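Let me begin by presenting the structure, written as structure tokens, before commenting on it.
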Amino acid sequence: MRFVVGGPGNPYGGNVEVKVVDPSANPYFATATILGLALDGIKQEAVLPPETKVDPAALSDSERSRAGIAQLSGSQAEIVAALDNSQRLRAILGDPAVDVVVAVRRFEHEQYAHLNREHLADKFRMAWSV
């Protein structure tokens with residue numbers, strides 16, 4: 001997440017950008033999750049970590065570790081398992097919503113994990129077009 005300071009288009013600033021959501025996310029679940037996590041942080045009086053002013057990808061593993069920056073998994077199976085086991089997200093979204101997302105993402109992984117990016121793009125390029 002980053003906070004954008006004021007500029008010519010908005011001299012007062014106050015824009016917030018969330019960078020962890022990509023186009024494959026359900027926008028309703030993503031929004032509910034972000035708001036639910038924010039509310040949880042407020043209720044728990046969580047302290048924000050120090051600001052990161054550089055691109056974390058440009059840091060070495062040891063530099064990221066010292067800064068308390070954790071790299072997210074690139075494995076879909078690990079990500080789905082983390083969602084399935086997250087009591088916090090189950091409390092925010094509810095068990096039925098999490099179970100549905102987990103079931104769909106596991107199905108996608110089982111059916112399509114063997115395809116490379118080009119084959120996936122070819123297979124689904126027009127899948128949802130009318």
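For the numbers below, each heavy atom of this structure counts, side chains included, while hydrogens, waters and symmetry mates do not. Worth saying up front: this structure is predicted, and the values here are computed from it rather than measured.
A donor atom on one side chain and an acceptor atom on the other are not found under 3.5 Å apart for Asp122 and His119.
Annotation: the span from Leu59 atom CG to Ile69 atom CD1 amounts to 5.5 Å, rounded to 0.5 Å. Taken from CZ in Arg117 to CG in Leu115, the straight-line distance is 13.0 Å, to the nearest 0.5 Å. Of the inter-residue distances, the one linking Arg106 atom CZ with Asp99 atom CG reads 9.5 Å to the nearest 0.5 angstrom. Note that OH of Tyr112 is 11.5 Å distant from CD of Gln76, once rounded to the nearest 0.5 Å. We find the CZ-CG distance between Arg125 and Leu120 to be 11.0 Å, quoted to the nearest 0.5 Å. Distance check, rounded to the nearest 0.5 Å: CG of Asp84 to CZ of Arg90 gives 5.0 Å.
Here the shortest heavy-atom pairing between Glu78 and Ser73 reads OE1-OG, 2.8 Å. Scanning both residues, Ala32 and Ile92, for their nearest heavy atoms gives O-CG2, 3.6 Å.
Other cluster members for Leu72: none, since no ILVMFWY side-chain heavy atom sits under 4.5 Å from it.
A donor-acceptor contact shorter than 3.5 Å is absent between the side chain of Ser65 and the backbone of Asp61. Thr33 places a side-chain N or O within 3.5 Å of a backbone atom of Phe29 that can act as its donor or acceptor partner. Put simply, the side chain of Arg64 never gets that close to the backbone of Ala58: no donor and acceptor are under 3.5 Å apart.
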Would you sort out whether Asp40 and Arg88 count as a side chain to side chain contact (heavy atoms under 4.5 Å, CB included), showing the intermediate values? CA-CA 9 Å; Asp40 185 59; Arg88 181 171 286 152; 3.0 Å; yes
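There is no path of hydrophobic side-chain contacts, each under 4.5 Å, that joins Leu39 to Leu89. Ile42 and Leu48 sit in two unconnected hydrophobic clusters of ILVMFWY residues. Membership requires side-chain heavy atoms under 4.5 Å apart, directly or through other members.
Each of Val101, Val104, Val102 was evaluated against Val80; a single residue qualifies, Val102, per the side-chain contact (heavy atoms from CB on, under 4.5 Å) test.
Counting heavy-atom neighbours within 6.0 Å of Glu118 CD, excluding the residue itself, gives a total of 12 or less.
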